[in-house]
Amino acid sequence: MSIHPPLGPEVSLPPLALSGLAPEAPASVKMEARHITYHYGRTLALNDVSVPVHRDRVTAFIGPSGCGKSTLLRVFNRMYDLYFDQTVDGEVWMDGENILAPNVDLLALRTRIGMVFQKPTPFPLSIFDNVALGVRLSLDPAPAELRNRVEEALRRAALWDEVKDILPTSALSLSGGQQQRLCIARTLAVGPEVILFDEPCSALDPIATAKIEQTIDELKRDHTIAIVTHNLQQAARISDYTAFMYLGEILEFGTTRHLFTAPADARTQRYITGRFG
Ligand SMILES: Nc1ncnc2c1ncn2[C@@H]1O[C@H](COP(=O)(O)OP(=O)(O)OP(=O)(O)O)[C@@H](O)[C@H]1O
């Protein structure tokens, strides 16, 4: 059974802006992975992973390439169900229910748990229809209600002011950063409780990145957020909790402040100070 390539060469990172760390505050658990083991065919990608995701907080998943961060997000919304050769053992509990149980309604689950990917993935439709599509499919509201939902979602994704006069225009005409905020609006429009972000800013410039970070910060008022990021500064800026993953396991989990200032594991220390990754 193989697991992961060796770690890459040591790299240097600029010092972290620790002053931007979110304050610690108690929170309840919204979602909890329990003893998750995951295989792609014969490749072990996650090995007995247990980790909580706190309600109305941002939890960042960091770690070297190939350590299983994206795989864990895919477990949280059961994306693996689409692939016959991918297998998962363990449980993910959300609000008193194991969402990996076979009888769970996947369509309903995916409206409760939205996902935003690394590359913006707008449909070749108008800006309005990109946001409206999921709402029509899941809720089939009256036209006025649909328009309200689309506007509200675009406002919360901080895109409304830029697109309110061009809603019938193709979404493909938007910039990369705008397309990513459109994808956030599309996710928000169906009313998810949890939003999973898989490196949402890796294709964006610093200004577009700052807008997405600001949006995430506002969304956590009433959404539970898990984010995979390679950008340690970003994890430090926007997350309340951080999990450091290594070779398919969670090596360390804690408040972001604690993990970045007083990591318990020497490997976490080496990673966050840029000595490998
Ligand atoms: N579709 C796949 N088929 C086979 N193995 C896969 C597949 N996707 C991922 N893997 C393997 O599973 C392990 C975990 O991959 P994953 O993408 O979850 O890591 P990651 O930490 O998100 O990496 P990165 O930071 O580079 O995106 C890696 O060893 C990877 O090679």
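Just follow the structure's listing: the first ligand is 1, and inside any ligand the first atom is 1.
With respect to Arg74 and Asp198, no salt bridge is recorded, no charged nitrogen being found less than 4.0 Å from a carboxylate O. No salt bridge links Arg237 with Asp217; every basic N to acidic carboxylate O contact stays at or beyond 4.0 Å. With respect to Arg147 and Glu151, no salt bridge is recorded, no charged nitrogen being found less than 4.0 Å from a carboxylate O. Comment: Arg55 engages Asp95 in a salt bridge, judged by a side-chain N to carboxylate O separation of less than 4.0 angstrom.
The distance from ligand 1 to the heavy atoms of Glu199 drops below 4.0 Å at these ligand atoms: 27 (O). Numbered from 1 in the order shown, with element, the atoms of ligand 1 that lie under 4.0 Å from a heavy atom of Thr71 read 14 (C), 15 (O), 16 (P), 18 (O). Within ligand 1, counting atoms from 1 as listed, the ones closer than 4.0 Å to a heavy atom of His230 are 24 (P), 25 (O).
Note: no N/O pair closer than 3.5 Å links Ala45 and ligand 1 by distance alone. Below 3.5 Å of separation, one finds an N or O of Ser70 facing an N or O of ligand 1. Residue Gly68 places at least one N or O, backbone or side chain, under 3.5 Å from an N or O of ligand 1.
With sequence neighbours excluded, the residues that form a side-chain contact (heavy atoms from CB on, under 4.5 Å) with Ala189 are Val131, Val135, Ala153.
When Gly66, Gly248, Cys67 are ranked by how near their heavy atoms come to atom 23 (O) of ligand 1, first place goes to Gly66. In this structure, of Ser65, Pro64, Gly63, the residue bringing a heavy atom nearest to atom 24 (P) of ligand 1 is Ser65.
No option in His54, Glu193, His223 other than Glu193 meets the side chain to side chain donor-acceptor pair (under 3.5 Å) test with Lys30.
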